[in-house]
**Student:** 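Below: one structure in structure tokens.
Just so you know, ligand 1 is whichever comes first in the structure, and atom 1 is the first atom listed for that ligand. Positions are given from 1 along the sequence.
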Amino acid sequence: MSKVSVLGVDFDNKSFKQFQNELIGRINTHQSTFVVTANPEIVMSANENPEFMKILNYNADYVTPDGIGVVKAAKILGTPLKERVTGYDLFSWLMKLANERSLRVYLIGAKPKVIHAIQTKIAREYSDIQLVGAEDGYFKDDLEVVAYQIERAEPDLVFAALGSPRQEQLLDILRKNLLPALMMGVGGSFDVFSGMVKRAPQVWQKAHLEWFYRLLKEPSRYKRMGKIPKFMVEVYKSKKDRR
Ligand code: UDP
């Protein structure tokens, strides 16, 4: 199956390698490409917000399963997805690719100190990247104004780390304007890439406990994580309805 629906969100059923190959093809031909990496929280908020659901199912070019919760849900529903494809893994791979190919990169999102730390890291470790924009995510301008600024910079890659659905709403404007770039919302990835927030150690990731690690590090996430058990309840309900 090329698409797998989890609570109404249509995920692309591809391995990480398949996504890489397709994205490279689209970068080579400068196709306007909008990638959403959707976790259970995004699936739940799309169910509460029809406009957001429309962005995921009709306007995005790819929706990847970001998080083990989505992969587990697909399995429970009897339509398994190939594997988890996280925003952070795609983002770090694309940054390496951008460095190898001297691509034009626009970054928008996260706190000012995070974006400054990323600028320093790029200058040191990714010096062949052409950084055509590095803006923090605490702006007051309308998304249309911000989108216009991004378009004027003529980037090849745009990464937005504003949280959902705002990051997807921004990229949706750019995609509708046919900006010939690869665009992806990356949530908290800038915080991790900057070194200011640590990603869970490999053992935790392999044990599928990354979410628990994040909860221990940032107890304020507790309230948001309340959505995950609700997500699982909805998945079981949807399984019953499918029978
Ligand atoms: N953020 C932002 N502007 C805001 C609110 C949040 O740039 O008005 C940033 C925040 O600093 C963080 C990112 O958005 O770097 C998303 O964080 P979150 O923890 O929500 O990401 P996720 O859980 O989706 O990985």
**Student:** Quick one, list the residues around ligand 1 where some non-hydrogen atom comes in under 4.0 Å, by chain and residue number.
**Tutor:** Gly109, Ala110, Lys111, Gly137, Tyr138, Ala161, Leu162, Gly163, Arg166, Gly187, Gly188, Asp191, Arg214, Arg221, Arg224
**Student:** Looking at residues at least two apart in the chain, or sitting in another chain, which of them share a side chain to side chain contact (heavy atoms under 4.5 Å, CB included) with Pro80?
**Tutor:** none
**Student:** Grab the two heavy atoms, one from Phe159 and one from Phe190, that are nearest each other, plus how far apart they are.
**Tutor:**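 In terms of heavy atoms, the two residues are closest at O-CZ, 3.5 Å.
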**Student:** Does the ring center of Tyr126 lie less than 6.0 Å from the ring center of Phe193?
**Tutor:** yes
**Student:** Looking at Lys3 and Asp12, does any basic side-chain N land under 4.0 Å from a carboxylate oxygen?
**Tutor:** yes
**Student:** Please tell me if the side chains of Leu94 and Met184 come closer than 4.5 Å, counting only heavy atoms from C-beta onward.
**Tutor:**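 Yes, side chains in contact.
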**Student:** Between Lys176 and Asp172, does any NZ, NE, NH1 or NH2 come within less than 4.0 Å of an OD or OE carboxylate oxygen?
**Tutor:** yes
